[in-house]
Amino acid sequence: MYVAVKGGETAIDNAHRLLAEKRRGDRRLPALTLGQIAEQLALSVARVMAEGALYDTQLAALAVKQARGDLIEAIFLLRAYRTTLPRLYDSVPVDTGAMLIERRISACFKDLPGGQLLGPTFDYTHRLLDPNLVGEEEQTTDLQTGPVGDAVVRVSDLLANDDLIEGEEPVTNGHGVEPEPGDMTREPLSYPLTREQRLQALARGDEGFLLALGYSTQRGYGRNHPFAGEIRIGAVEVEIDLPELGHAVPIGRVQLTECQMVNQFRGSSEMPPQFTRGYGLVFGQSERKAMSMALVDRALRAREFEEDIIAPAQDEEFVVSHCDNVQATGFVEHLKLPHYVDFQSELQLIRTLRKEWADGAGTDDDEDTGFSQEAAE
Amino acid sequence: MSTILDLMAEQPSSDLAHYNFAYLDEQTKRMIRRAILKAIAVPGYQVPFGSREMPMPYGWGTGGVQVTASILGAEDVLKVIDQGADDTTNAVSIRKFFEHVAGVKTTTSTEEATVIQTRHRIPERPLEPGQTIVFQVPIPEPLRFLEPRETETRAMHALEEYGLMHVKLYEDIARHGHIATTYAYPVKVAGRYVMDPSPTPKFDNPKMHRNAALQLYGAGREARIYAIPPYTEVVSLDFEDHPFEVNRFDRPCALCGAENVYLDEVVTDDAGGRMFVCSDTDNCESRRADGHVGEMGVPAAEAAE
Amino acid sequence: MSLSPHHDTNASTLSGGFFDPVRQAQQAFHALMNALARPGTVQPIEAVEAPAALPRLFGTIACTLLDPDTRLFLDPMLAGDPHVAEWMTFQTGTAIVGHESEAMFGMISDSREVELAAFCAGDQAYPDRSTTLCLSVSSFSGGKALRCTGPGIETSHTIAPAGLPADFAEQWAANHVLFPRGVDLFLSCEGEGVIGLPRSIQIASET
């Protein structure tokens with residue numbers, strides 16, 4: 001006798017208990033604290049905040065812990081929480097020119113006001129596994145850093161002062177009013193998008209996907225001749241306008257990574273040649289993401305500059321529809337859900353087709369076969 | 001920076017009490033409700049909506065869940081099926097979610113339910129006026145596999161330009177002698193929009209036609225909602241010389257003996273043994289309770305012992 | 001939500017609306033959804049307290065569907081009483097627009113004067129971007145018999161609401177012919193409920 005499979009609910013409960021046990025791992029080892037994760041796996045936490053689109057190091061650390069270190073799962077956890085939060089205010093645009101710099105480099109000039117500041121970078125480390133990190137405690141290092149200095153001018157502003165690079169005036173409508181930039185988490189996107197909408201999508205987008213696309217532009221799939229005008233990492237003030245007070249008030253600081261790419265120039269009979277811009281801005285320290293985003297942003301401006309759209313990185317619908325890893329992982333992984341009803345439909349058809357093929361083998365006076373040849377011509 | 005965390009810590013960790021009834025906040029529900037009204041007014045047209053991130057993955061029913069959460073009231077009785085069955089893991093998971101966040105009564109009985117959320121099937125028992133069936137939709141655009149660009153497909157719908165779809169079906173006939181689409185089989189709704197019925201087997205397409213229930217379709221990842229009002233004409237696309245045909249099974253359900261229902265193929269041993277049983281578990285169970293027995297089934301009274 | 005201080009903000013202007021918003025909004029939406037899904041049927045709907053000039057069912061519909069993301073047009077009769085706009089803004093946060101064609105929702109208390117064509121019929125590519133109109137009628141019976149057919153209706157359904165424009169059937173034909181564009185209507189009658197008339201249905205005068 002056959003009894004249909006039952007007990008889905010028990011199976012799910014058991015699976016989740018097992019997951020909780022595996023998450024904890026060997027109980028002889030101390031449990032990770034959120035502080036340890038936030039401090040010692042800071043770049044994981046930064047990525048989760050950036051792609052989770054919610055700046056809160058403790059929540060991101062919790063998500064990393066809960067997800068057993070699976071960062072896309074952690075991003076998903078943070079997003080699902082973010083969506084339930086009330087929107088109380090919009091911040092005024094942050095001023096990255098006023099950033100408290102931790103790192104700042106420009107590939108365009110040997111030296112410049114504010115100088116090159118390497119900061120905490122993997123650059124120039126030799127990628128040799130370090131046995132000193134095996135132990136519990138590490139030697140403290142003498143940092144020899146000076147006090148945080150004044151605001152440092154942005155390289156793009158230096159270029160803009162000489163009109164060498166395109167201006168970055170806010171886009172205004174016919175009445176000289178800057179339209180609301182929109183929010184893809186609240187309203188559906190409709191193509192074509194504005195640059196602001198694209199930048200929002202890219203800022204939330206998957207680092208790996210953007211890295212691959214950015215890389216593809218360097219290899220000729222939508223090449224745009226980039227120079228890393230400037231990469232800066234540091235804290236900026238977040239302010240909100242309070243109508244009651246009549247001015248903006250700071251509510252906190254966030255760490256940002258900003259990348260301004262300087263790309264090959266445009267010009268016309270009306271306009272002298274100018275460099276163009278690609279822009280990347282990411283929560284936390286995430287240089288790879290910011291640089292990739294800047295490359296892809298510039299590639300996606302192809303329509304604006306009347307460039308031929310020939311490469312994936314220039315294709316707005318392709319890039320924006322596929323850059324979100326929470327969407328992507330959900331849909332790819334949904335293939336593991338039962339599909340046996342559809343598969344049964346396909347089984348029936350393929351059995352019919354195979355039977356017809358076997359029955360009709362060697363004969364070509366079959367109506368459908370004849371039709372097939374006709375249509376193929 | 002830990003203020004939100006502190007707030008969360010004040011709530012017992014297993015308790016979702018600080019979420020609104022049916023999880024979504026009221027402003028989100030209003031936005032979705034406005035989209036549902038437009039979807040009903042333009043049958044088969046995909047209304048873009050501000051789809052939210054849900055606490056389950058995209059592709060696992062987030063669209064259906066958002067629609068259900070927006071229509072569900074405390075008096076409703078909810079049934080959730082996946083592949084026709086109430087006890088598939090994802091159906092169990094979604095049903096638990098609504099029990100938890102909305103506290104609504106749930107059922108496995110098609111007859112008792114006021115709202116049915118489904119993935120891949122329409123129940124065998126004819127739906128009744130006053131019932132609403134909510135479909136989970138992965139790819140709402142029927143033209144998407146022919147033309148990946150939203151800008152292009154939107155123009156095709158606007159111009160009622162569906163030649164491409166007919167070309168595709170015709171190519172199938174040319175290659176295979178049959179239309180090779182067996183599920184998510186495109187339909188034309190109220191004589192205007194070509195619509196994706198979600199990946200239900202084409203066996204279920206005739207049930208969409210002039211159904212007494214309201215059919216709502218939610219695609220979360222793709223941010224679209226569409227609808228078929230009750231008693232609306234729904235025609236499966238076909239050709240005069242290759243009319244639309246539903247899947248047929250050459251045997252009845254092995255457990256309840258039902259004919260003209262959709263069957264699951266179950267592999268019973270390593271030697272290729274097969275049996276065919278109802279995909280609609282509620283239909284199968286109620287038939288067996290009524291005394292119907294298939295060739296491999298046992299009478300209901302005996303099974304209960 | 002704060003109001004400009006020069007307005008009269010006495011309690012009666014601002015009071016009313018939903019006292020149990022989650023439940024009441026769901027119930028009212030359920031009625032509105034069924035009204036559009038089953039055109040011609042009367043769906044009962046709970047009235048809310050609202051300023052005297054505002055039909056109370058308009059108040060319910062507003063609290064159910066309007067918020068800061070919507071744009072509402074009020075007909076001259078409703079716009080003539082500042083309490084109405086004030087109440088709408090306070091209760092829902094909706095923007096109020098002065099021109100029919102900009103409106104996502106329109107509320108018409110003087111239904112005899114309505115001109116459907118003045119409102120937004122949406123875009124051929126985005127027919128959802130059209131106005132939903134609420135018309136308050138004095139009665140659901142006694143008016144000219146109108147025979148409705150189309151999606152949501154099993155065979156046909158005849159309604160006879162009193163207080164529609166004399167040329168309503170002609171106006172509707174001109175609206176329906178735009179399909180998939182067009183406006184959608186809710187007829188509301190105090191003490192009765194709502195009837196939905198989506199653009200998809202045909203309406204003919206019965207003689």
Side-chain angles (χ1 to χ4, degrees), chain B residues 20-22 25-50 70-76 102 114 129-130 132 151 154-160 189-193 210 212-216 225-234, chain C residues 18 20-39 41 61 63-70 92-94 104-105 122-132 149-157 179-186 196-201:
Chain B
N20 193 21
F21 174 83
D25 60 278
E26 290 300 300
Q27 190 169 353
T28 296
K29 285 185 197 168
R30 268 194 301 275
M31 175 272 295
I32 294 172
R33 286 168 178 169
R34 291 193 294 261
I36 290 172
L37 294 182
K38 288 300 176 193
I40 292 170
V42 191
Y45 164 73
Q46 304 160 49
V47 181
F49 78 109
S70 301
I71 65 171
L72 210 58
E75 311 303 313
D76 275 308
T114 56
T132 302
T151 36
R154 185 160 287 279
M156 290 178 193
H157 284 295
L159 301 170
E160 207 176 348
V189 179
R192 177 56 176 79
Y193 281 98
R210 298 188 58 81
L214 170 63
Q215 303 171 58
L216 298 177
I225 287 171
Y226 51 104
I228 304 178
Y231 311 115
T232 299
E233 304 278 326
V234 179
Chain C
F18 288 154
D20 183 0
V22 174
R23 184 186 62 80
Q24 287 179 292
Q26 189 277 334
Q27 286 181 346
F29 170 71
H30 196 251
L32 295 171
M33 179 176 84
N34 281 331
L36 269 199
R38 297 162 205 281
T41 61
I61 295 173
C63 291
T64 306
L65 296 177
L66 305 187
D67 59 28
D69 294 334
T70 54
T92 74
T94 185
M104 289 165 69
F105 288 87
D123 183 290
Q124 189 72 13
Y126 290 95
D128 53 306
R129 297 177 182 173
S130 62
T131 309
T132 302
T149 52
I153 305 167
E154 189 167 10
T155 49
S156 71
H157 199 104
F179 191 87
R181 299 166 62 234
V183 299
D184 309 305
L185 304 192
F186 286 115
L197 301 176
R199 71 192 81 172
S200 55
I201 63 164

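Each chain gets a letter, A, B and so on, in the order its sequence line appears, and its residues count up from 1.
For B:Ser70, the part sitting under 4.5 Å from any heavy atom of chain C is the backbone (N, CA, C, O) and nothing else. With a threshold of 4.5 angstrom between heavy atoms, B:Leu216 approaches chain C through side-chain atoms but not through N, CA, C or O. Using a 4.5 Å cut-off between heavy atoms, C:Ile153 touches chain B through its backbone atoms (N, CA, C, O) alone. Heavy atoms closer than 4.5 Å to chain B are found in the backbone of C:Pro21, but not in its side chain. Contacts between C:Ile201 and chain B at a heavy-atom distance below 4.5 Å are absent for every atom of the residue. Using a 4.5 Å cut-off between heavy atoms, C:Thr70 contacts chain B through its side chain alone, with no backbone atom that close. In this structure, the portions of B:Arg33 lying under 4.5 Å from any heavy atom of chain C include both its backbone and its side chain. Looking at B:Asp76, only its side chain comes within 4.5 Å of chain C, counting heavy atoms on both sides. For B:Ala212, the part lying under 4.5 angstrom from a heavy atom of chain C is the backbone only.
Top candidate by heavy-atom pairs under 4.5 Å with chain C, chosen from B:Ala227, B:Ala155, B:Gly130, is B:Gly130. Most heavy-atom pairs under 4.5 Å with chain C: of the set B:Leu72, B:Leu37, B:Ile40, B:Thr232, this distinction falls to B:Leu37. For the set C:Leu36, C:Asp184, C:Val22, C:Leu197, the entry with the most heavy-atom pairs within less than 4.5 Å of chain B is C:Val22. Counting heavy-atom pairs closer than 4.5 Å to chain B, the top residue among C:Ala35, C:Gly182, C:Gly196, C:Gly152 is C:Gly152.
One distance of note links CD of C:Glu154 with CZ of B:Arg210; it measures 6.5 Å at 0.5 Å rounding.
Taking all atoms of both residues into account, the shortest heavy-atom contact from C:Gln26 to B:Ile71 is NE2-O, 2.7 Å. Closest heavy-atom contact between C:Phe179 and B:Arg192: CE2-CG, 3.8 Å. B:Pro230 approaches C:Ala37 most closely through the heavy-atom pair CD-O, 3.2 Å. Heavy atoms only, all atoms of each residue included: B:Tyr45 and C:Tyr126 are closest at OH-CA, 3.4 Å. Here the closest non-hydrogen pair linking C:Thr64 and B:Arg30 is O-CG, 3.0 Å.
For B:Glu26, the salt bridge (charged side-chain N to carboxylate O under 4.0 Å, His left out) partners at least two apart in sequence or on another chain are B:Lys29. Under the ring-ring contact (aromatic ring centres under 6.0 Å, His included) criterion, B:Phe49 pairs with no residue at all, not counting sequence neighbours.
A donor-acceptor pair under 3.5 Å is absent between the side-chain atoms of B:Lys38 and the main chain of C:Pro127, judged by distance alone. Looking only at distances, no side-chain donor or acceptor of C:Arg199 sits under 3.5 Å from a matching main-chain atom of B:Val42.
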> When you look at B:Met31 and C:Asp69, which way does the side chain to side chain contact (heavy atoms under 4.5 Å, CB included) test go after all the steps?
Replying inline: CA-CA 8 Å; B:Met31 175 272 295; C:Asp69 294 334; 5.6 Å; no

>> Using the rule given for side chain to side chain contact (heavy atoms under 4.5 Å, CB included), can you reason through B:Thr132 versus C:His30, listing the C-alpha separation, both sets of side-chain angles and the distance that settles it, and then say yes or no?
In response: CA-CA 11 Å; B:Thr132 302; C:His30 196 251; 5.7 Å; no

> Are B:Arg154 and C:Asp123 close enough, and set up right, to give a salt bridge (charged side-chain N to carboxylate O under 4.0 Å, His left out), and what steps lead you there?
Replying inline: CA-CA 11 Å; B:Arg154 185 160 287 279; C:Asp123 183 290; over 6 Å; no

